[in-house]
Amino acid sequence: MEKVIVFDTTLRDGEQAAGATLNIDEKLEIAKQLERLGVDVIEAGFPISSPAEFEAVRQIALQVRKPIICALAHANNQAVDRAWEAIKDARHPRIHVFLSTSDIHLLHQLRKDRETIMTMACENVARARKYCEDVEFSPMDATRSDPQYIFHLLEATIEAGATTVNIPDTVGYAIPEEFAALIKGVFENVKNIHKAVVSVHCHNDLGLSVSNTLSAVRIGARQVECTINGIGERAGNASLEEIVMGIHTRKDFFDLSTNIDTTQLYKTSRLVSELTGFTVQPNKAIVGLNAFRHASGIHQDGILKERTTYEIIDPKSVGLPGTTLVLGKLSGRHGLRARLEEMGYTLADEELSRVFEAFKELAEKKKEVTDRDLEALMAEDRRVISEVYHLEHVQVSCGDHSVPTATVRLTGPEGQILEDAALGTGPVDAVYKAINRLVGVPNKLTEFSVKSVTEGIDAVGEVTIRLESEGMVYMGRGAATDIIVASAKAYMNALNRLILSRAPASKIGEKKPRK
Ligand code: KIV
Ligand code: ZN
C-alpha cells in the first residue's frame with residue numbers, strides 16, 4: 001500500500017502556540033517519543049529565532065536518529081545557514097525554506113513584488129540544496145495567493161532544488177473542496193511536479209484543518225504536516241492523531257497507509273499535553289477522555305453485545321490503556337511495575353522506587369488508584385527530577401473569619417532548608433507569596449486552573465499555572481489529593497523552569513539529592 005509521509009511540527013508550529021514554552025530537555029523528550037511513534041519527519045524548530053531554539057534543534061539532530069530532522073528557515077541567507085548549522089549532524093537532515101506569496105502579505109508585510117519573491121525563493125532553495133539533499137519549500141499563505149503564481153513559483157523552486165513542495169493554508173481559510181482543487185491544480189500545472197513530493201500544511205481557524213488535509217491526500221498529496229493534539233498558532237494545526245486514524249480506519253476509502261505505530265498515539269498525546277500545559281478537551285477525537293466512553297444506555301447495551309456496534313476504532317489500537325488490574329494500598333512493586341509497563345512506561349529500578357513511594361502515599365488516601373492517577377504520578381516524578389528548589393512542606397490556615405496564612409519550607413539549590421510565612425487574600429495567594437519571599441524571582445501569575453484527574457471526592461487535583469517574567473511565559477503543573485499542595489507544586493514547577501532556563505546547570509549548584 002502506498003505510504004503517506006507524516007511530518008510532525010509539534011516542536012515548531014505547535015510550540016509557536018501562545019503559552020507553550022518547552023525547554024530543551026522537554027523538546028528532546030517529545031522528539032524521542034515522536035521517533036517511537038514512527039513519524040517520518042520531525043520539524044524540530046526555527047534555528048534563527050533564538051540561541052535556545054538553535055540548541056534544541058541541534059540536540060534533536062544529534063540524538064534522534066531515525067526520522068528526518070527538519071529545520072525551518074526564512075528565504076534569506078543567514079536563516080538558511082543557521083538552519084544548516086543546527087541540523088548538519090543529523091543522520092537525515094532537511095532544510096525547510098518558506099516565503100509568503102499572497103498579495104496581502106506582499107503588499108502589507110513584505111512590501112516586495114512577485115518577481116523579487118520568486119528570486120528570493122529560488123536563490124535560497126538553491127543555497128539550502130548546496131548544503132543538503134533534502135529541501136522543502138513552502139509558499140506561505142498559499143490558499144490566499146494567485147494559483148497561477150503559485151504554480152510558476154513551485155516549478156521554479158523545484159528547478160532550484162526543492163524535493164518537497166508544501167502548500168500551507170496558513171490562516172485556515174480553505175474549504176475542503178476548494179483546497180482539493182488547488183492541489184489538483186498543482187499536479188496539473190506544475191510541469192516538473194513528478195520530481196517533488198507534494199505536501200500540505202493546514203491550520204484550523206475554521207475547524208477544517210483535518211478535512212482539508214485528507215481531501216488533499218485523496219487528490220495525491222503524499223506528505224501531511226500536523227501536530228500532536230492539533231496544537232499550534234491560534235486555533236492550531238491539523239491534528240496528527242486524527243489524520244493518521246482517518247487514513248488507517250478508512251483504508252477502504254484511501255487505500256493508503258502510514259509508518260505510525262498507532263498504539264503510541266495516546267501516550268504521545270498525554271506527554272505533549274503534560275509538557276505544554278495544554279489540556280486535551282474531553283470530546284477530542286482519538287485522544288480525548290470521552291473518545292471511547294459510552295454514556296447512553298442503548299450504546300452501552302450495543303457495546304456489551306458487540307464492540308463494533310458503536311466503536312469504529314478499537315481503543316487498544318491507539319494505546320488507550322484498558323484497565324485489567326486495579327491497584328490499591330495492598331498492591332506491591334511488581335503489580336505497579338506491571339501496570340506501568342502495560343501503560344507504556346519502562347522504569348529503571350531507582351525510578352520505580354521513587355514512584356512506588358509516591359504510589360503508596362496516594363493509595364493510603366485513595367481506595368483505588370486508576371491509570372489516570374498513575375499518569376499523574378509519572379508526570380509528578382518527571383517534574384521533581386528537574387528541580388532547583390524543592391517543596392518540602394506547606395501548611396495553610398484559612399476560613400471565612402480568618403486571614404489566610406501559609407507557611408512554606410523549601411530545600412534550596414545547595415540543599416539548605418528555607419522557611420517563611422505570608423498572609424494572602426486566599427490560601428493559594430498566601431502560599432505563593434511565601435514561596436516568592438524564599439525564591440526571590442519577580443514574576444506575575446497570569447493563569448491558574450485546577451481540574452480533577454479522576455472522579456470522586458478523593459480525586460487527585462491537577463493545577464496548571466502560567467507566569468510571566470521578563471517577557472517570557474513559564475508553565476507549571478502539580479498534582480496532589482490536596483489542591484493547595486497541588487497549587488504549591490505547580491508554582492514551584494514554573495519557578496524551577498524559569499530558573500533553569502536562565503542559568504546553566506553548573507551555576508545553580510549541586511542538584512539536591514533525591515529523597
Ligand atoms: O502556516 C504556515 O504557513 C507555516 C509555514 C512556515 C509552512 O507554518
Ligand atoms: Zn503553520
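Note: hydrogens, waters and symmetry copies are ignored here, and every other heavy atom, side chains too, is used. Ligands are counted one by one from 1 in listed order, and the atoms in each one are counted from 1 as well.
Nearest to atom 2 (C) of ligand 1 by heavy atom, out of L99, V171, T170, is T170.
Atoms of ligand 1 found under 4.0 Å from any heavy atom of S138 (numbered from 1 in listed order, with element): 7 (C). Proximity to M140 (heavy-atom distance under 4.0 Å) selects the following atoms of ligand 1: 3 (O). Every atom of ligand 1 is numbered from 1 in the order shown, and the set under 4.0 Å from a heavy atom of F98 is 6 (C).
Only the side chain of D13 comes within 4.0 Å of ligand 1, counting heavy atoms alone; its backbone N, CA, C and O stay farther away. Under 4.0 angstrom from ligand 1, there are no non-hydrogen atoms of R234. Counting heavy atoms under 4.0 Å from ligand 1, residue H203 touches it through the side chain alone.
Of all protein heavy atoms, the one closest to atom 4 (C) of ligand 1 is H201 NE2, 3.5 Å.
In this structure, CD in E15 is found 6.0 Å from CD in E53, a value given to the nearest 0.5 Å.
Annotation: K184, atom NZ; neighbour count of heavy atoms from other residues, nucleotides and ligands within 6.0 Å does not exceed 12.
Looking only at side-chain heavy atoms (C-beta outward), E26 and E274 stay at 4.5 Å or farther from each other.
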Take E55 and K27, measure what side-chain contact (heavy atoms from CB on, under 4.5 Å) needs, and give me the verdict at the end. CA-CA 11 Å; E55 189 50 25; K27 286 184 185 177; over 6 Å; no

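Electrostatic pairing of R383 and E380 counts as a salt bridge here, judged by a charged N lying under 4.0 Å from a carboxylate O.
At least one heavy atom of R12 sits less than 4.0 Å from an atom of ligand 1.
When V190, I150, V186, N189 are each tested for a side-chain contact (heavy atoms from CB on, under 4.5 Å) with E155, only one passes: V190.
Classified by interplanar angle (parallel below 30°, tilted 30° to 60°, perpendicular above 60°), the ring pair H299/Y310 is parallel. Ring geometry, H96 versus F7: the interplanar angle exceeds 60°, so the pair is classed perpendicular (tilted spans 30 to 60°).
At a threshold of 2.8 Å, the Zn ion (ligand 2) has no backbone or side-chain N, O or S atom of E225 nearer than that distance.
Note: angle at the Zn ion (ligand 2), from NE2 of H203 to OD2 of D13, is 100° (rounded to 10 degrees).
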